[in-house]
Peer 1: 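Just dropping this structure here.
So you know, we letter chains A, B, ... as the sequences are listed, proteins then strands, and number each from 1. Basis for what follows: all heavy atoms, side chains included, without hydrogens, waters or symmetry-related copies.
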Number of protein chains: 2
Amino acid sequence: MECKNFEQNYKKEMRAVQDSMDVLSGKWKISILSSICFYSKRRFSDILSDIEGISNKMLSKELKELELNKLIKRTVMDTQPVTVLYELTKHGLSLKTIIEELTDWGIRHRKEITGR
Amino acid sequence: MECKNFEQNYKKEMRAVQDSMDVLSGKWKISILSSICFYSKRRFSDILSDIEGISNKMLSKELKELELNKLIKRTVMDTQPVTVLYELTKHGLSLKTIIEELTDWGIRHRKEITGR
DNA sequence: CCGTATCCCCGGGGATACTG
DNA sequence: CAGTATCCCCGGGGATACGG
């Protein structure tokens with residue numbers, strides 16, 4: 001319950017958490033990752049309808065950032081009209097544990113705030 | 001490596017992760033929590049100087065939100081002039097594992113992006 | 001179908017000054 | 001010391017239309 005192991009590389013660790021948050025804290029990032037993860041492979045328009053409220057502009061932008069960060073892989077299918085598939089990379093899948101823990105904590109947090 | 005366990009309560013879990021992110025993804029939240037956690041108890045002006053770039057307005061705002069979410073406890077000391085101590089609550093401390101994992105992932109992520 | 005381009009508005013958040 | 005108040009600017013992000 002104490003934070004003694006933070007003592008040594010305090011600053012460096014703070015930068016590392018911040019790096020993670022920079023990647024994940026985009027407005028729709030987690031939802032997009034969840035959607036793709038759940039269906040394994042998912043098309044642009046499918047993700048668009050999975051996530052309530054997102055615009056095509058934002059989806060496009062967020063997908064681009066996730067791809068830049070090597071969390072997802074984009075594949076253009078040679079169909080007519082064009083189809084694009086998104087899937088998680090190995091690196092993207094390495095987030096699974098963290099997402100699950102954030103899920104559990106979110107549930108506990110809701111209980112804590114709403115008063116059990 | 002698959003995401004089968006997401007199948008059942010997909011929507012509910014997505015909302016839960018989002019709840020967590022809503023609490024944590026504020027611009028300075030993680031830094032503030034880390035600072036307080038590292039020193040166990042910390043004063044307003046100390047946190048202000050711990051975190052490079054934050055303004056007193058933002059610090060005040062973020063602290064208020066963290067307190068509302070019961071992650072930190074605010075204590076006014078009866079000194080002259082007034083001193084205020086911030087510390088993590090039990091609930092706030094329950095984030096420690098997640099923060100540590102985000103730290104580890106951040107380091108791995110940097111390696112992934114910069115190319116080992 | 002999968003995006004990009006454009007327009008436009010609102011609020012996040014910095015700088016600074018002020019109060020108890 | 002620990003904030004609040006005010007001013008002000010810039011860019012995040014929505015709506016809509018267009019292009020390959």
Side-chain angles (χ1 to χ4, degrees), chain A residues 14 18 21-36 39-89, chain B residues 14 18 21-36 38-89 92:
Chain A
M14 270 188 48
Q18 204 52 62
M21 294 303 285
D22 288 346
V23 173
L24 298 177
S25 70
K27 192 174 180 186
W28 310 95
K29 296 268 164 61
I30 293 280
S31 305
I32 294 171
L33 290 174
S34 299
S35 165
I36 298 175
Y39 292 102
S40 293
K41 300 183 185 211
R42 203 71 176 147
R43 297 187 331 188
F44 186 88
S45 55
D46 291 331
I47 304 174
L48 202 58
S49 59
D50 282 344
I51 304 173
E52 194 165 309
I54 196 172
S55 66
N56 54 352
K57 183 172 121 184
M58 281 312 291
L59 179 54
S60 172
K61 188 193 140 206
E62 301 271 76
L63 283 170
K64 217 175 280 176
E65 292 175 14
L66 291 173
E67 198 191 352
L68 263 174
N69 282 308
K70 299 187 180 174
L71 298 180
I72 60 175
K73 177 164 165 270
R74 195 184 98 113
T75 314
V76 182
M77 308 301 288
D78 194 9
T79 55
Q80 183 62 358
V82 171
T83 301
V84 180
L85 280 184
Y86 291 94
E87 58 194 312
L88 294 191
T89 61
Chain B
M14 269 188 47
Q18 203 54 60
M21 293 304 286
D22 288 347
V23 173
L24 298 177
S25 69
K27 191 173 181 186
W28 310 93
K29 297 268 164 63
I30 294 280
S31 304
I32 294 170
L33 291 175
S34 298
S35 165
I36 298 175
F38 181 62
Y39 293 101
S40 292
K41 302 186 184 207
R42 202 70 177 147
R43 298 185 332 186
F44 187 88
S45 53
D46 291 332
I47 304 175
L48 202 57
S49 59
D50 282 344
I51 304 174
E52 194 164 308
I54 195 171
S55 66
N56 53 353
K57 182 174 122 184
M58 282 310 293
L59 179 56
S60 172
K61 189 193 140 206
E62 301 272 74
L63 283 170
K64 218 176 277 177
E65 291 174 14
L66 290 172
E67 198 190 353
L68 263 174
N69 282 309
K70 298 185 179 175
L71 297 181
I72 60 175
K73 179 165 165 268
R74 197 184 97 113
T75 313
V76 182
M77 308 301 287
D78 196 8
T79 55
Q80 184 63 359
V82 170
T83 301
V84 180
L85 281 183
Y86 291 93
E87 57 194 311
L88 295 192
T89 61

Peer 1: Can you list every salt bridge (charged side-chain N to carboxylate O under 4.0 Å, His left out) pair that touches residues 58-67 of chain B, not counting sequence neighbours?
Peer 2: B:Lys29-B:Glu62, B:Lys29-B:Glu65
Peer 1: Whole-Å distance between C:dC2 P and A:Leu48 CG?
Peer 2: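 The distance from CG of A:Leu48 to P of C:dC2 comes to 9 Å, rounded to the nearest Å.
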Peer 1: Does any residue of residues 68-79 of chain B have a heavy atom under 4.0 Å from DNA chain D, and if so, which ones, in number order?
Peer 2: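 Here the set is B:Arg74.
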Peer 1: Taking salt bridge (charged side-chain N to carboxylate O under 4.0 Å, His left out) as the definition, give me every residue that meets it alongside B:Lys41, ordered by chain and number, with sequence neighbours left out.
Peer 2: B:Glu87
Peer 1: Within the 4.5 Å heavy-atom criterion, are B:Phe44 and B:Leu63 side-chain neighbours or not?
Peer 2: yes
Peer 1: Find the distance B:Asp22:CG to C:dG12:C1' and express it as a whole number of Å.
Peer 2: 16 Å
Peer 1: Do B:Met21 and A:Met21 come within less than 4.5 Å of each other through their side chains, counting heavy atoms only?
Peer 2: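 Sidechains of A:Met21 and B:Met21: in contact.
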Peer 1: Looking at residues at least two apart in the chain, or sitting in another chain, which of them share a side-chain hydrogen bond (donor to acceptor under 3.5 Å, both in side chains) with B:Ser25?
Peer 2: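 In terms of side-chain hydrogen bond (donor to acceptor under 3.5 Å, both in side chains), with neighbours along the sequence ignored, B:Ser25 is linked to no residue.
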Peer 1: Report the distance from atom NZ of A:Lys64 to atom C1' of C:dC2, rounded to the nearest whole Å.
Peer 2: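 In whole Å, C:dC2 C1' and A:Lys64 NZ are 11 Å from each other.
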Peer 1: Please examine the side chains of B:Tyr39 and B:Asp50, heavy atoms only from C-beta on, and report whether any two atoms are closer than 4.5 Å.
Peer 2: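 When only atoms from C-beta onward are counted, B:Tyr39 and B:Asp50 do touch, with a gap below 4.5 Å.
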Peer 1: When you get a sec, tell me which of D:dA2, C:dT4, D:dC1 is the closest nucleotide to the side chain of B:Phe44?
Peer 2: D:dA2
Peer 1: Nearest-Å distance, NZ (A:Lys29) to P (D:dG12)?
Peer 2: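 Going from NZ in A:Lys29 over to P in D:dG12 covers 11 Å.
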Peer 1: Report the residues that fulfil side-chain hydrogen bond (donor to acceptor under 3.5 Å, both in side chains) with A:Asn69, sequence neighbours left out, ordered by chain and then residue number.
Peer 2: B:His109
Peer 1: Counting only N and O atoms by type, is there a donor-acceptor contact under 3.5 Å from the side chain of B:Ser34 to the main-chain atoms of B:Ile30?
Peer 2: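 Checking the backbone N and O of B:Ile30 against the side chain of B:Ser34, a donor-acceptor pair under 3.5 Å is found.
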Peer 1: Quick one: closest heavy-atom pair of B:Ile54 and B:Ile51, and the distance?
Peer 2: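 Heavy atoms of B:Ile54 and B:Ile51 come nearest at CG2-O, 3.4 Å.
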Peer 1: Any protein N or O atoms within reach of nucleotides 13-16 of chain C? Criterion: under 3.5 Å, listing atom names and distances.
Peer 2:
{"residue": "C:dG14", "atom": "OP1", "partner": "B:Lys27", "partner atom": "NZ", "Å": "2.8"}
{"residue": "C:dG14", "atom": "N7", "partner": "B:Lys57", "partner atom": "NZ", "Å": "3.4"}
{"residue": "C:dG14", "atom": "O6", "partner": "B:Lys57", "partner atom": "NZ", "Å": "2.2"}

Peer 1: Tell me, please, which residues at least two apart from B:Leu68 pass side-chain contact (heavy atoms from CB on, under 4.5 Å).
Peer 2: none
Peer 1: Using five pairs at either end of the helix from C:dC1-D:dG20 to C:dG20-D:dC1, determine the angle between the two local helix axes and round it to 10 degrees.
Peer 2: 50°
Peer 1: Applying side chain to side chain donor-acceptor pair (under 3.5 Å), which residue pairs with at least one partner in residues 71-80 of chain A are found, sequence neighbours left out?
Peer 2: A:Thr79-A:Thr83
Peer 1: For D:dC1, does either OP1 or OP2 sit under 4.0 Å from a side-chain N or O belonging to B:Tyr86?
Peer 2: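 No.
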Peer 1: May I have the distance from A:Arg43 (atom CZ) to C:dC1 (atom P), rounded to whole angstrom?
Peer 2: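 In whole Å, C:dC1 P lies 7 Å from A:Arg43 CZ.
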Peer 1: Could you check A:Pro81 against B:Thr83 and say which one's nearest nucleotide on DNA chain D is further toward the 5' end?
Peer 2: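 Counting from the 5' end, the first nearest nucleotide belongs to B:Thr83.
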Peer 1: Without decimals, in angstroms, what is the distance between A:Ile47 CD1 and C:dG3 C1'?
Peer 2: 13 Å
Peer 1: Would you kindly give the CG-to-P distance between B:Leu63 and D:dA2, to the nearest whole Å?
Peer 2: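 In whole Å, D:dA2 P lies 11 Å from B:Leu63 CG.
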Peer 1: Among D:dC1, C:dC2, D:dG3, which nucleotide has an atom closest to any side-chain atom of A:Val84?
Peer 2: C:dC2
